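Structure first, then comments.
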Amino acid sequence: MPAPTDGKRTILIVDDSAMNRALLADMIGSDYDIVEAENGLQGVAAMQKLGTTISLVLLDIVMPEMDGFEVLAVMNQNRWIRDIPVIMVSSETAPSCIERAYEFGVTDFISRPFDANIVRRRVNNTIMLYAKQKALVGMVADQIYEREKANNLMVSILSHIVEFRNGESGLHVLHVATMTELLLNQVVKKTDRYGLTPADISRIAMASSLHDIGKISIPDAVLNKPGRLTDDEFDLMKTHTVIGAGMLADVPVHQDDPLVRTAYEICRWHHERYDGRGYPDGLEGDDIPISAQAVSLADVYDALTSKRVYKDAYPHEQALAMIMNGECGTFNPFLLECLTDIADDIQAQLQLESFSQGSEREIMKIVDDAVSPGSTEASSRTLELLDYERMKYRFFASMSNELQYEYTEDPPMAVLSDWGVRKLGLPEIIQTPYQDPALLRMFGADNMQKLHDALRATTPEDPVVQMEFEALVEDEPRWFQVTAHANWSPDDHVYLGSIGKMVDIHEHHERLMDLERKATHDSLTGLLNHAYARKVIQERMELNPDHTFVFIVLDMDRFKDVNDTYGHLFGDRVLHHLAQRLEGSVRGNDMVARVGGDEFFVCMECSVPPEPLVKRVFDSVTGTYDGLDVSVSMGVACATGEGHSYDELFRSADHALYEMKGAGRGGFAFSDGLLSADEARSVLSAIDAEAAAEPAPADR
């Protein structure tokens, strides 16, 4: 199967009869290079090797290894049928056979016995028709390409003027655009809340290149100052947002163009913050356009990971931690979730991109969209729905960490999900999977046969099969749980194939454990969350109605001042410190939870007076941390489980807490007989000796 080398158009003849191949080659004549394949598998291999250098395929139907319809199925699966015309050549003349061939996308159908003039004419006509179609598509694509290239070039030149003045490498513009696109693509995978289309994402990515255009007006002495800016200098720097937006607003034409409107949004509002503390307009939440929100996050990430005149570059992991911890301002929590999702891909994508590659990729996407077939409203809608369903399938498959597959009996072919391909190191499309050596080696011939037999033994009324078996993945034994659904034709109940999933039981268990912990624990402190603590304690109170339960609700005094003075990152560390001190002050059976913010909750069961236990908790969390005086206020409520509910005790303790804060802070009060601040301090002094005698809590 040598590749053609003389510049002639190439025709692939796929037929198991050497005589038929010779006859067709003679009829076509010497104007074409002929490549022959004696069965469908060889034909597919030739198409994989030669690609669109093949101008036409003459395809038989009945062949060993893989018949003509199976070849067409592979061509459709790989979308080769769009670029390579196929003429079916066969003695099969049944209308159903011909109709099926056309449904698979063949261009023409020639019946045996051959007529040399008809074969030659149809071959020439088909090749010329496709050549003209490609030429027209190419002309349209060239015009669109040149137009978009010119647009991108002008945007790139303008943005790089800004980068040059700002003393940056020039990659900042590209990185922001690339990361903006990554973020927004993840957004549309997770929600339709923002109504973004692929065209919107492409436009926002391009417009992001102009986000700092207003810096043209900032003096070099301020723009490239290596040290910290003064308040006046920072106020001057902040004006670049308004100036950039004003420049776009003053463009004399194209004010209604979506690109101009999007660029305006980004220029003016890419320094706004989700909590309303940004500039220039103090917008809050989703009042900030999603375009500006995404560019803002991308801008901050690249600024952190790039060297500047005033700082060195931070590592990728540290930059992400700084963003997540709120050190660079407050961002949309949903966008931060998307950033976490793509965190592993960011560096690879930024390293792969160059100016030319990024621009070329965007242009070719626009060109491909413009020249794709299907111009009528109905067909466009159908394609859109199909693409949406494929997107949903791929998204759910990627999120589930399951090996999902589709199998068809005719032709015998399995298609694996993306995650399955990565997990097992197998190709996406597997021909004759029940005979594939790699699959048989991995899952075992006996297991494959059991699954096949079980699926064939199902009925349309009872089509589901579940099995567990051991497989060998990367030379390690792994147990898989298999759930499959057999597909049957509705009329004659013929088995058509199956869809199914295989779950790595060990990995699935670990993932469930991780999800369970996330559902029951606070992500910052590692303590139980309030909802889960409430559920467990309510159950304890119902099971042990004669036990005495002590509820403590506490929060840190003037915690907002700590955040405002030292920053949210330091505030988070203080909360983590308080959580550790609380856990260390209680016994193994006691429960500690974070209610929210700087408010915590402790529940203890005791048969002795609770004051020493409460005093120990109070003493453990007061003192100093990293030079900061830590003061807390606590409210306490005590009662037996009988006749009392969790909510009643919690409200009583919470009420006592706020009575304590109103009385002067820095102490604790019981709900039955509230103490003033002075009285609380005298009580603390009075029980110091008794508290000191209390044995140390058991290790948790």
Side-chain angles (χ1 to χ4, degrees), residues 1 11-21 23-24 35-52 54-114 119 122-123 126 130 373 386 390 405-416 427-436 452 455-456 486-499:
M1 192 166 44
I11 295 177
L12 171 63
I13 302 176
V14 187
D15 196 311
D16 61 323
S17 168
M19 180 178 295
N20 287 339
R21 297 197 302 272
L23 285 172
L24 288 170
V35 176
E36 298 183 17
E38 62 185 36
N39 57 55
L41 284 176
Q42 287 188 10
V44 169
M47 284 181 265
Q48 287 176 326
K49 179 180 179 181
L50 301 178
T52 55
I54 297 174
S55 297
L56 177 67
V57 175
L58 297 177
L59 182 63
D60 188 19
I61 293 180
V62 181
M63 294 180 291
E65 302 290 341
M66 180 186 289
D67 66 26
F69 290 120
E70 291 172 315
V71 172
L72 289 171
V74 174
M75 292 184 70
N76 278 273
Q77 183 73 35
N78 291 287
R79 304 180 73 182
W80 298 337
I81 199 75
R82 291 176 54 185
D83 302 309
I84 304 175
V86 178
I87 295 178
M88 192 69 89
V89 180
S90 176
S91 57
E92 297 286 340
T93 57
S96 59
C97 183
I98 298 174
E99 182 179 351
R100 187 181 179 197
Y102 281 117
E103 287 175 352
F104 268 111
V106 302
T107 304
D108 204 347
F109 195 102
I110 299 177
S111 300
R112 293 193 184 99
F114 303 131
V119 170
R122 289 187 176 179
V123 165
T126 300
Y130 263 68
L386 288 173
R390 281 193 290 268
Y405 76 89
E406 297 179 49
Y407 168 71
T408 58
E409 280 270 287
D410 184 21
M413 178 186 301
V415 181
L416 302 185
E428 180 184 10
I429 301 171
I430 301 176
Q431 303 289 335
T432 58
Y434 290 104
Q435 301 173 20
D436 185 78
H452 184 264
L455 287 166
R456 294 301 300 267
N487 298 327
W488 296 83
S489 63
D491 299 326
D492 47 10
H493 291 182
V494 173
Y495 175 70
L496 302 176
S498 66
I499 58 175

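Positions are given from 1 along the sequence. Nothing here was measured: the structure is a model prediction, and the numbers come from that model.
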Restricting to non-hydrogen atoms, name the atom on Ala101 and the atom on Leu72 that form the minimum distance, rounded to 0.1 Å. O-CD1, 4.5 Å
Shortest non-hydrogen separation from Glu70 to Glu65 and the atoms involved: OE1-O, 4.2 Å
Do Val89 and Asp15 have side chains that get closer than 4.5 Å, going by heavy atoms? no
All heavy atoms of Leu455 vs all of Ser498, minimum pair found to be CD1-OG, 3.6 Å
Let's go through Glu409 and Arg456 carefully: what are the C-alpha distance in whole Å and the side-chain angles of both, what is the deciding distance for side chain to side chain contact (heavy atoms under 4.5 Å, CB included) to 0.1 Å, and is it a yes or a no? CA-CA 11 Å; Glu409 280 270 287; Arg456 294 301 300 267; 3.2 Å; yes
Rounded to the nearest 0.5 Å, how far does CE of Met75 lie from CG of Leu59? 8.0 Å
State the CD-CZ distance between Glu103 and Phe69, to the nearest 0.5 angstrom. 9.5 Å
Note, Val74 side chain near Trp80 side chain (heavy atom, < 4.5 Å): yes
In chain order, what residues pass the side chain to side chain contact (heavy atoms under 4.5 Å, CB included) check against Gln77, with sequence neighbours excluded? Val415, Ile429
Once you round to the nearest 0.5 Å, how far does CH2 of Trp488 lie from CG of Leu496? 9.0 Å
Mind checking whether Tyr102 and Phe109 have parallel, tilted or perpendicular rings, split at 30° and 60°? tilted
State, yes or no, whether a side-chain contact exists between Val71 and Met47 at a heavy-atom distance under 4.5 Å. yes
To the closest 0.5 Å, what do you measure between CG (Asp67) and CG (Asp60)? 9.5 Å
Run the salt bridge (Lys or Arg N to Asp or Glu O under 4.0 Å) test against Asp16 and tell me which residues pass, sequence neighbours left out. none
What class does the angle between the rings of Tyr434 and His452 fall in, given that below 30° is parallel, 30 to 60° is tilted and above 60° is perpendicular? perpendicular
Smallest heavy-atom separation, Pro64 atom then Asn39 atom, equals O-CB, 3.4 Å
Residue list, side chain to side chain contact (heavy atoms under 4.5 Å, CB included) with Thr126, at least two apart or on another chain: Leu56, Pro85, Ile87, Thr107, Tyr130
For side chain to side chain contact (heavy atoms under 4.5 Å, CB included), just list the numbers for Leu50 and Val35, CA-CA rounded to whole Å, side-chain angles, deciding distance to a tenth of an Å, and then say yes or no. CA-CA 10 Å; Leu50 301 178; Val35 176; 4.1 Å; yes
Are the side chains of Val14 and Gln42 in contact, using a 4.5 Å heavy-atom criterion? no
